[in-house]
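Please read the structure below before turning to the comments.
Note on naming: letters A, B, ... go to the chains in the order of the sequence lines (proteins, then strands), and numbering restarts at 1 for each one. Keep in mind that this is a model prediction, so the values were computed, not measured.
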There are 2 protein chains.
Amino acid sequence: MSVSPAAPSSTGNEDLVGRRVLLVDDDPTVAEVASSYLRASGFVVEEASDGFAALQAADRLAPDLIVLDRMLPGIDGLEVFRRLRERMSTPVILLTALGSEDDRIAGLEAGADDYLAKPFSPRELVLRVQSVLRRSIGEFTPESVLEYGEFRLDPSARVATRGGVELPLTLREFDLFEFLLKHPNQVFSREDLLRTVWGWTHGDLSTVTVHVRRLREKIELDPRAPTMLTTVWGVGYRFTMGGAADAVV
Amino acid sequence: MSVSPAAPSSTGNEDLVGRRVLLVDDDPTVAEVASSYLRASGFVVEEASDGFAALQAADRLAPDLIVLDRMLPGIDGLEVFRRLRERMSTPVILLTALGSEDDRIAGLEAGADDYLAKPFSPRELVLRVQSVLRRSIGEFTPESVLEYGEFRLDPSARVATRGGVELPLTLREFDLFEFLLKHPNQVFSREDLLRTVWGWTHGDLSTVTVHVRRLREKIELDPRAPTMLTTVWGVGYRFTMGGAADAVV
DNA sequence: GGGCATCCGTCCGTGTTCCGTAAGACTTGA
DNA sequence: TCAAGTCTTACGGAACACGGACGGATGCCC
């Protein structure tokens with residue numbers, strides 16, 4: 001199984017890191033793929049393969065969100081859903097068989113917060129989970145603006161400036177820059193970045209290399225001799241300002 | 001008017017506890033689920049299953065807000081809505097059936113304070129009820145007029161002008177513009193807009209694309225090279241004016 | 001009541017932007 | 001000097017945004 005590219009993991013999702021997700025599906029393959037994607041996006045995932053296990057796990061874990069297959073061995077998914085609702089108000093995303101539009105309607109009317117038709121792309125699932133969680137947290141509350149030296153980065157407007165001049169960053173470049181700006185003076189391996197910024201579990205590391213280079217092209221005065229977004233040989237990259245923070249090598 | 005952002009995380013929802021909500025829907029399942037969610041959020045809920053009962057209950061209860069299904073047995077939902085408006089200014093959230101295509105309610109929806117397309121997530125309904133109520137509290141003035149640059153937008157009269165000249169905006173265009181004016185310098189995905197402005201939880205995103213284009217046609221000097229309603233590639237749209245980030249409205 | 005204009009949602013063709021990958025040149029550290 | 005790691009460049013394809021147009025539905029006017 002290879003990780004598909006292009007997860008628009010716009011990093012306004014850092015508040016979501018560490019949130020607990022309970023994944024209920026009886027198909028081991030689906031469960032494994034889905035949970036690995038969710039984990040890659042920073043969620044803590046617990047799995048359950050039938051209705052009883054789901055209810056128990058829900059009590060024990062008190063998850064922030066539940067992904068629930070509508071078709072389950074033993075108790076039906078909808079029934080599990082009702083019982084869940086009786087004791088907690090945790091948001092639920094329902095996985096429904098394709099085609100059966102009635103399922104979806106029934107699901108939403110029963111109180112699901114979202115639904116996803118099987119077969120679904122894991123990436124889509126991650127997006128939905130993030131979307132539902134973000135909504136339940138509080139929507140459209142503008143994120144605070146990052147200021148660092150002459151750089152200014154507004155995540156809500158997705159505008160980055162240096163000395164008041166706007167930097168024409170692309171989506172990936174912006175996400176990458178935002179992450180680095182939030183964690184200055186800290187070294188990240190390419191794998192770290194690929195996981196946190198891209199949301200991939202594994203993949204071609206050169207992707208990171210190239211994007212770092214492109215970002216340097218836009219934020220460094222002399223991209224050939226970077227002073228802020230520097231390379232730590234054999235380890236990764238680090239964003240620093242003020243120049244003197246790199247004494248230790 | 002359409003929608004405003006939901007629930008600030010610092011939930012100033014304490015003021016809303018105990019507010020009376022009249023829920024009008026003939027589908028017992030929908031009514032039950034919705035009302036249980038509303039009650040769980042601290043509202044006092046009364047239900048009515050047809051138009052007459054709704055009007056009577058409205059008189060008797062003097063609710064703070066009414067959730068009204070457009071499709072009702074007996075009197076049509078819209079008719080109920082008109083009669084309600086004749087005697088009281090209670091805010092109304094309209095539930096519309098999206099599935100049945102014959103439901104283009106464009107005309108009178110304009111008077112509703114918010115609308116939500118079925119099927120919807122109950123959580124979404126709660127968010128909207130809170131949002132509308134919070135807005136209506138302390139706002140005895142009909143509705144504040146939005147001014148932004150040379151634009152002036154009167155939600156009550158549904159009139160938009162640029163430099164004193166009226167802009168012939170359609171219903172959707174007005175709603176869209178209003179939402180963007182209320183949240184300047186912030187990027188919204190097509191999905192965000194579809195959910196908040198249209199009240200759809202799911203739908204064709206190209207709908208948003210097209211309406212943005214039509215709106216640009218009317219507010220931009222050069223619609224081909226938009227300067228205010230700009231596209232953020234891979235993310236969504238943003239309304240900005242002149243460089244000044246005076247986000248206070 | 002019929003015809004007309006308006007508005008809305010959808011679809012399709014087209015051009016553009018951006019991203020991921022590969023391959024070769026270069027640099028670093030031993 | 002050598003090998004591993006890093007940088008640079010280029011390219012193909014995919015995702016995306018846009019314009020144009022169409023059909024259906026509604027409201028209005030005659």
Given DNA chain D, 5'-ward residue of the pair Thr231(A) and Arg214(A), judged by closest heavy atom: Thr231(A)
Tyr237(A) side-chain N/O to dC7(D) phosphate OP1/OP2 under 4.0 Å: yes
Which residue lies more 5' along DNA chain D, comparing Gly236(A) with Arg190(B) via nearest heavy atoms: Gly236(A)
Sidechain N-carboxylate O distance under 4.0 Å for Glu124(B), Arg128(B): yes
Residue Arg216(B), side-chain heavy atoms: nucleotide from dC18(D), dT17(C), dA4(D) that is nearest: dC18(D)
Length of the line joining His211(A):NE2 and dC19(C):P, which is rounded to integer Å: 5 Å
Short side-chain N/O contact from Thr209(A) to OP1 or OP2 of dT8(D), under 4.0 Å: no
Given dT6(D), dC18(C), dT8(D), the nucleotide with the shortest approach to the side chain of Trp233(A): dT6(D)
Between dG20(C) (C1') and Leu215(A) (CG): distance, integer Å: 17 Å
Candidates dC7(D), dC18(D), dG9(C) - which lies nearest the side chain of Arg213(B): dC18(D)
Euclidean distance, atom NE2 of residue His202(A) to atom C1' of dT21(C) [Å, nearest integer]: 17 Å
Phe188(A)/Phe239(A) aromatic ring centres below 6.0 Å: no
For Thr207(B), the option from Thr209(B), Leu205(B), Asp204(B) that meets side chain to side chain contact (heavy atoms under 4.5 Å, CB included): Asp204(B)
Side-chain N,O (Trp198(A)) to OP1/OP2 (dG20(C)) below 4.0 Å: yes
Whole-Å gap separating P (dC8(C)) and CD (Glu217(B)): 15 Å
Protein-nucleotide distance (Arg172(A), atom CZ; dT21(C), atom P), rounded to Å: 11 Å
Gap between atoms CG and P, on Leu176(B) and dC8(C) respectively (whole Å): 11 Å
Interatomic distance, Arg123(A) CZ vs dC19(C) P [rounded to whole Å]: 13 Å
Length of the CG-P vector between Leu229(B) and dA17(D), whole Å: 13 Å
N/O donor-acceptor pair under 3.5 Å between Asp25(A) side chain and Ala31(A) backbone: no
Glu143(A)/Lys182(A) ion pair, N-O < 4.0 Å: yes
side-chain N/O Thr207(B) vs dC8(C) OP1/OP2, d < 4.0 Å: no
Val210(A) side-chain proximity, nearest of dA4(D), dC11(C), dT9(D): dT9(D)
